[in-house]
Amino acid sequence: MPAKLPSMLTRARRAASALLLLPGALTVLFSGVSTLAMLPWQAARAQHATQGDTLTPDPAQAAPATVAKPDQSAHGNAAAGPAAANAPPPLPPGHGPDTRPPANPPAPPQAASAQAGPPQVAAAAPQGANAGSSTYGPILTRPMPSDPQAAALIRKGAYLVQAADCMPCHSAIGGRPYAGGLILNTPFGRMATPNITPDKQTGIGAWTEEQFWDVLHRGLGEHGEYVYPTMTFTSYTRMPRGDVDAVHAYLMSLQPVYAPRLDVSLNFPFSIRESLLAWRTLFFRAAYFKPDASKSAEWNRGAYLVEGPGHCGECHSPRNVMGGIIDASSLAGARIDSFWAPNISSDARWGIGAWSEDELVEFLQTGSTHRGVVFGPMSDVVHESMAHLTGDDVRAIVFYLKNTPARPGRPAPALAKAERGPSVARGHAVYVANCAQCHQESGLGVKGSIPNLAGNDAIRSDDPGNAITPVLAGLEGQGNYGAMPRFGGALGDQELADLANYIRTAWHNGAPANATSSFVRDLRATAPVGLGGSIAARSFGCPKIGEGTIPGALATEADVSMLATADRSNLQNGITGVIARVRRDNPDAAASDVVTALNAAYCPVVATRADLTRAEKRATLIAFSNQAGRQFARLVPPDVSKVLVNAPLPPDAVAQINQAAAAAGLTPGAFIAKQLAGGKPPASTQ
């Protein structure tokens, strides 16, 4: 039961494109296979409080001092107060108790049948305290019960939890799997996903099967309170009682993790749960999956997995202004923050209609086909969910999607012909300078190492976002593919738009050249680009930030982060750390290059300070430049053979030189040396 937000809400997770950096080489790659994503959503991941694995607080774990108020959670809060303090609001029409929940549908027989329940026995659940593992760390479980029926129920629940891809959304970076703590930035406010391990104080250990059923089927929390639609109960409601009980059994078989709910703040009026009444009345009815007797068993099985636990339409369907899915355009794709959840209908041009069933099955099971490679957030869907399903279930999903109604795309208007040619030409130059050395001038990449851009469906989609956001924010490496650095600070809005227009139209990709600088600017505001790639840094004129492999940009986002976390008392330590990193990675860099990198790294930190005027920001940078220069001189003795004479300057001349040097992005010494080398003194000191 991952906490997920409908498409109308700000979401940033599981997009279908990718960038890549192989060690020592710049790469821009995009995974065309993302057009098939189940795309469960997740916002920008953040590290939070340390999470232990015991039932009682561990003083060494430094658990948060405060626990979220019940009305600030995406689910019912397991650590909330007594039921009387959180009385359930009145249910809207159609939300009364279900008196006769159906039994779990039986597994479909070999002959054509409309029944589409989960397999009777799934892959065995891990046994022991540390038998399972994932990209989020070891999955700690209790010993498997000796009762065969109880053990079978846990195995079935483990399979369904993977089908629903619960773990990635309920696992914070650096935390334990299923212990929650992932922060979601939504229009409701900031939310933290809950702990769904069986800890009785902070998790769901005290929940009954009925309470758990209420959350998934009716969207009601532990005490009957409305659950925010960040948790996609709107799809899970189709799961039969037998499946939900199996999920509950598996989660209760985990080792409990003490992980108090992080304190978060919701915006008014969403801080009042009763405000969800109108939304539920308009867009939610508790329901069950109803097999279509006119369809085959395979179609019905696929429909159940896609519409129920897989909840594909939650991210891949456009929504109206109130957040309700537009049924006539279901699976037609939708924007989620800076990413585009692609069209996964059967449409041959915009959707997956041109893919063969074997290609789709290969993608969902491995994340790679000749059409592209899945990377970035979407990789969780493949590697944590689809790769663990049976071959029959994956093929059933594919069969169902291939037989959905075709939904045409609605691309943004292409640039005017007079603008299109120049933009594509400029984009080709950006590509040659930054991408071609790995993806090749032909766009074919290197099979098994560097994805192809030519013929890549992620690039050819109707929305250009998936050809831009990975360049802005970068992606983590996986398997044989290395990590892609973020280019948000190294390339400007127009450069990125031009690059997208080039790769979308080159190599017979056939997509419209519809990326604009304003489109990129909007993406930059939502993509996790770091301070160096922020709108504030670029509007303030800060130097470009990139990896050391980008010529002229020795400063990295790691350097920016190091200086951003330093205060007045330890800024000198931060400067020392950056100097050490730059000199280690760039042993041939001149002294002026190192100090210039320091100024470049600190500029985004100052640019984002809302408490300073523009003049005060410049003064702060000048003071920092002087401090950085002095620290570098202490750490690296100067080459005295280049010292001609030491002469004092009047204070006003020093101030003028400092200002001119800061404007040029140089240290005062480097600025003077540059002027002397050119034979022209700075105009401000004449």
Side-chain angles (χ1 to χ4, degrees), residues 14-37 39 135 339-342 344 352 354-356 358-383 386-387 427-428 430-461 463-487 491 496 499-511 515 547 549:
R14 314 263 150 86
S17 57
L19 266 78
L20 198 61
L21 171 71
L22 292 182
L26 289 178
T27 311
V28 183
L29 83 90
F30 309 86
S31 75
V33 291
S34 59
T35 48
L36 322 175
L39 209 70
T135 56
F339 288 101
W340 175 255
I344 56 171
I352 60 171
W355 290 59
S356 70
D358 287 342
E359 288 173 336
L360 294 174
V361 169
E362 180 184 5
F363 163 68
L364 291 179
Q365 290 181 325
T366 68
S368 176
T369 73
H370 70 280
R371 292 177 178 266
V373 178
V374 63
F375 256 83
M378 175 55 203
S379 64
D380 278 339
V381 182
V382 171
H383 299 297
M386 294 293 107
H428 177 254
V430 175
Y431 180 82
V432 170
N434 297 278
C435 320
Q437 58 266 50
C438 290
H439 288 287
Q440 313 302 316
E441 180 71 26
S442 64
L444 295 177
V446 178
K447 187 176 181 179
S449 299
I450 303 172
N452 54 297
L453 305 182
N456 191 310
D457 279 13
I459 294 173
R460 300 191 300 182
S461 65
D463 185 290
N466 287 351
I468 297 171
T469 296
V471 189
L472 275 171
L475 290 169
E476 297 178 358
Q478 192 165 5
N480 294 328
Y481 298 90
M484 173 67 193
R486 52 177 66 125
F487 279 71
L491 297 176
L496 288 168
L499 174 63
N501 289 331
Y502 170 70
I503 63 177
R504 282 168 61 78
T505 56
W507 316 302
H508 304 289
N509 277 342
E547 297 298 318
T549 51

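For reference, positions follow the sequence shown, starting with 1. What you see is a predicted model; the values in this text were computed from it and never measured.
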Asks: Give me the atom names and distance for the closest heavy-atom approach of Gly443 to Tyr431.
Replies: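 Answer, listing the atom of Gly443 first, then Tyr431: CA-OH, 3.8 Å.
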Asks: I would like to know whether Ile503 and Cys435 meet side chain to side chain contact (heavy atoms under 4.5 Å, CB included); could you show each step before the answer?
Replies: CA-CA 10 Å; Ile503 63 177; Cys435 320; over 6 Å; no
Asks: Are the side chain of Arg504 and the backbone N or O of Ile459 linked by a donor-acceptor pair below 3.5 Å?
Replies: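 Checking the backbone N and O of Ile459 against the side chain of Arg504, a donor-acceptor pair under 3.5 Å is found.
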Asks: Do you know the tightest heavy-atom contact between His383 and Thr366?
Replies: CE1-O, 3.7 Å
Asks: So, does Asn466 use its side chain to make a donor-acceptor pair with the main chain of Ala458 at under 3.5 Å?
Replies: no
Asks: For the backbone of Phe363 and the side chain of Gln365, can you confirm whether one donor and one acceptor N or O come within less than 3.5 Å of each other?
Replies: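 Not confirmed, Gln365 side chain does not pair with Phe363 backbone.
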Asks: Which atom names give the shortest non-hydrogen contact between Asn452 and Leu444, and what distance separates them?
Replies: CB-O, 3.4 Å
Asks: Please step through side chain to side chain contact (heavy atoms under 4.5 Å, CB included) for the pair Asp358 and Glu362, ending with a clear verdict.
Replies: CA-CA 6 Å; Asp358 287 342; Glu362 180 184 5; over 6 Å; no
Asks: Yes or no on side chain to side chain contact (heavy atoms under 4.5 Å, CB included) for Gln440 and Val446, after CA distance, side-chain angles and deciding distance?
Replies: CA-CA 8 Å; Gln440 313 302 316; Val446 178; 3.9 Å; yes
Asks: Give me the atom names and distance for the closest heavy-atom approach of Ile468 to Ala500.
Replies: CG1-CB, 3.6 Å
Asks: Which atom pair, heavy atoms only, marks the closest approach of Gly367 to Val382?
Replies: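 Looks like N-CG1, 3.6 Å.
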Asks: When you measure from the side chain of Asn501 to the backbone of Ala515, do you find a donor-acceptor pair of N or O atoms at a distance under 3.5 Å?
Replies: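 Looks like yes, one N/O pair under 3.5 Å.
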Asks: List the steps, then state whether side chain to side chain contact (heavy atoms under 4.5 Å, CB included) holds for His508 with Arg460.
Replies: CA-CA 10 Å; His508 304 289; Arg460 300 191 300 182; over 6 Å; no
Asks: Using a 3.5 Å distance criterion without hydrogens, assess whether the side chain of Asn509 forms a donor-acceptor pair with backbone atoms of Gly455.
Replies: yes
Asks: I need the Ile352 CD1 to Leu360 CG distance, nearest 0.5 Å.
Replies: 5.0 Å
Asks: Are Thr369 and Trp355 packed together at the side-chain level, in the sense that at least one heavy-atom pair is separated by less than 4.5 angstrom?
Replies: yes
Asks: Anything under 30° is parallel, anything over 60° is perpendicular, the rest tilted; go ahead and classify Trp507 against Tyr502.
Replies: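 Rings of Trp507 and Tyr502: perpendicular, as their planes differ by over 60°.
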